[in-house]
Trainee: 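Sharing a structure, written as structure tokens. Questions coming.
Keep in mind that what you see is a predicted model, and the values were worked out from it rather than measured.
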Amino acid sequence: MKFGIETVMLGLATFLALLGAAFAHDELFRAHAWVLFAVLLIATVILMRKITFAPAGQAAEAEEQGYNDDILRYGVIVTMFWGVVGFLVGVVVAAQLSWPDLNIEPWFNFGRMRPLHTSAVIFAFGGTALITTSFHVVQRTCHARLFGGNLAWFVFWGYQLFIVLAATGYLLGITQSREYAEPEWYVDLWLTIVWVAYLIVFLGTLIKRKEPHIYVANWFYLSFIVTVAMLHVVNNLAIPVSFLGVKSYSVFAGVQDALTQWWYGHNAVGFFLTAGFLGMMYYYIPKQANRPVYSYRLSIVHFWSLIFLYIWAGPHHLHYTALPDWAQTLGMVFSIMLWMPSWGGMINGLMTLSGAWDKLRTDPIIRMMVLALAFYGMSTFEGPMMSIKSVNSLSHYTDWTIGHVHSGALGWVGMISFGAIYYLVPILWGRERLYSLRLVNWHLWLATLGIVVYAAVLWVAGITQGLMWREYDDQGFLVNSFVDTVTAIHPEYVMRTFGGLLFLLGALVMAYNLYRTIKGDIREEAPMGGEAPAMSPAE
């Protein structure tokens, strides 16, 4: 019987969620348990409808035929869904900062919507993109089906359950108040179980590979999976007040807690938003350009230098705090050193197009990937620069940091993910090509303009804030109040909302393009780049 054991386990989990709602020690836990019960009940009903009865050996033999591409199809669709949701919530929170009357108490105020936005973009959109592409890349480069049978499905849907629990928890007010790690202890425990299963699937596929060589993209994916597991476990070590209540207390306190948090926070950027997506870059750019990676040796140097240096850079988030000065300096030095391997990876990606630069005229997907590398290069220069203490004294706590984060998150993570999805959809659904390459071009320029507007106005806003905060009069008193700085940068906040709206519009264009591609439609349109100019005789 197919899915029999899985259905029984899901039904048991649904019953346990019902018990959690019945015996909860606080109202927030009860509300969250009801959310979990509803989600698991729906999943149980869906899985019951998929149960099939066939001889065990016959079912297992059918399962082992070819690659597991069904999970990739779901992954692409869910990634696109979370992307649109995350960008939409981002526009809403930007509008709330511009026009505070849009804050709706208590569930939809800025304090609850902001972590919803960051988690939706980073973990829902970015995380689902990483799981989907890693499952695609490891199968193709290892010539092996995903290890563990239905364990890969558990990873995928278990991760989606984590996202739903985290998102609903934010709106309910359930939070640890830890940057990029807001979910409470029981959600963290669930993610740990899912992540260990993810490591087993990925590592098991590598072990049973038919190709003796491990391609470098898998190195980056594996480092992302292992390091994020370590970061997540250590940063979220906590003691719950009750096993049927939401509240817990971190095992760390004071300066140690701050250092642990930003060791986690910066390395979440380093390994979740950088190493994982570099794995994506090292596979999909050569595939889309139909060229081998420029330098395999450089990719290995890039990998090991990045892995070694990134883990030490977190303290630069704590300049001019109670953290010991030597630790702040250590974080700054390693951050500056990170510039070189980061640019080595960018150059490796760009030089992969050697001999194929003409494709930039005719292939907007390649153009999107090159723009992703450009934003990666700019962000990995700006980040080390902002870690320098004298620069950080101006930039820290200002919107310059927000502009920097978004130029990396939307420019690098967003663009390379979009390029990978555009590559995957025609292959997974057996289509000749995308519905419209010209719509890809529209998406490219809407997204690029949105990011440029967003980042540029926040650079201006951040530097304005920093300069106003450090302005003193002749007697040594601050000239400007905090409210004065908020008033001064209001036009930039409005422009930031406009930039986010452009980026969201580009994502909606992409969603429409993918929908028509999956349906099998092909739009009749002139080829990109136009016709080659006719040669005229010399006079």
Side-chain angles (χ1 to χ4, degrees), residues 73-95 113-114 116-133 160 163 167 273 277 280 284 288 364-372 374-376 379 402-403 405-426 428-429 434-455 458 495-519 521 523:
R73 296 185 188 97
Y74 276 94
V76 164
I77 294 170
V78 173
T79 299
M80 198 65 247
F81 170 77
W82 286 128
V84 171
V85 170
F87 307 146
L88 175 62
V89 177
V91 172
V92 171
V93 295
M113 293 285 279
R114 189 265 179 181
L116 179 65
H117 161 62
T118 55
S119 291
V121 173
I122 296 171
F123 297 117
F125 169 69
T128 307
L130 285 169
I131 290 173
T132 303
T133 56
Q160 302 312 310
I163 292 166
L273 298 178
F277 289 92
M280 204 180 290
Y284 290 104
Q288 186 66 27
I365 302 174
I366 282 285
R367 209 176 300 167
M368 188 170 274
M369 292 175 169
V370 168
L371 264 172
F375 278 110
Y376 174 63
S379 297
I402 313 302
V405 167
H406 281 78
S407 69
L410 301 182
W412 160 238
V413 170
M415 290 293 206
I416 198 68
S417 299
F418 296 151
I421 292 170
Y422 278 130
Y423 170 85
L424 275 173
V425 167
L428 294 176
W429 274 272
L434 288 166
Y435 166 68
S436 171
L437 281 179
R438 292 195 172 270
L439 283 181
V440 178
N441 205 42
W442 271 98
H443 178 201
L444 168 72
W445 290 113
L446 282 169
T448 303
L449 185 59
I451 298 166
V452 169
V453 169
Y454 192 110
L458 287 192
M495 286 298 293
R496 183 249 292 271
T497 307
F498 175 68
L501 197 59
L502 287 177
F503 196 86
L504 171 63
L505 187 59
L508 291 172
V509 170
M510 178 181 184
Y512 174 74
N513 199 359
L514 296 184
Y515 167 71
R516 294 296 297 270
T517 304
I518 292 169
K519 279 186 63 180
D521 299 336
R523 182 183 177 193

Trainee: Which residue pairs pass the side chain to side chain donor-acceptor pair (under 3.5 Å) test when at least one of the two sits in residues 407-420, sequence neighbours left out?
Mentor: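 Non-adjacent pairs meeting side chain to side chain donor-acceptor pair (under 3.5 Å): Ser379-Ser407.
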
Trainee: Go through the structure and list residues passing ring-ring contact (aromatic ring centres under 6.0 Å, His included) with Phe277, not counting sequence neighbours.
Mentor: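 Phe277 satisfies ring-ring contact (aromatic ring centres under 6.0 Å, His included) with no residue once adjacent residues are dropped.
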
Trainee: Just wondering, more than 12 heavy atoms not from Trp442 lying within 6.0 Å of its CH2?
Mentor: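 It does not: Trp442 CH2 has 12 such atoms or fewer within range.
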
Trainee: Answer whether the closest heavy-atom distance between the side chains of Leu410 and Phe87 falls below 4.5 Å.
Mentor: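 Side chain of Leu410 against side chain of Phe87, heavy atoms only: contact under 4.5 Å found.
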
Trainee: Restricting to ring-ring contact (aromatic ring centres under 6.0 Å, His included), what partner residues turn up for Tyr284, sequence neighbours left out?
Mentor: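 His136, Tyr423.
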
Trainee: Without swapping roles, check the side chain of His443 against the backbone of Val509 for a donor-acceptor pair under 3.5 Å.
Mentor: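 No, His443 side chain to Val509 backbone: no donor-acceptor pair under 3.5 Å.
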
Trainee: Can you name the residues that form a ring-ring contact (aromatic ring centres under 6.0 Å, His included) with His406, not counting sequence neighbours?
Mentor: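 Testing His406 for ring-ring contact (aromatic ring centres under 6.0 Å, His included), a comparison that skips the adjacent residues, returns Tyr454.
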
Trainee: Can you list everything that forms a ring-ring contact (aromatic ring centres under 6.0 Å, His included) with Tyr74? Sequence neighbours excluded, please.
Mentor: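 With neighbours one apart ignored, the set is Trp153, Trp157.
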
Trainee: With a 3.5 Å distance limit and no angle check, can you tell me whether Asn513 reaches the backbone of Ser436 through a side-chain donor-acceptor pair?
Mentor: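 Such a contact is found between Asn513 side chain and Ser436 backbone.
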
Trainee: Do the side chains of Leu434 and Ile365 get nearer than 4.5 Å, heavy atoms only?
Mentor: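 Yes. Closest side-chain heavy atoms under 4.5 Å.
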
Trainee: Quick one: list whatever passes side-chain contact (heavy atoms from CB on, under 4.5 Å) with Val78, sequence neighbours left out.
Mentor: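 Val78 satisfies side-chain contact (heavy atoms from CB on, under 4.5 Å) with Trp82, Thr128, Phe156, Gln160 once adjacent residues are dropped.
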
Trainee: Test your reading of the model: is there a side-chain donor-acceptor pair from Arg73 to the backbone of Leu428, 3.5 Å cut-off?
Mentor: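 Pair found, side chain donor or acceptor close to backbone of Leu428.
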
Trainee: Under 4.5 Å between any side-chain heavy atoms of Met80 and Val76, yes or no?
Mentor: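 Answer no - side chains too far apart.
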
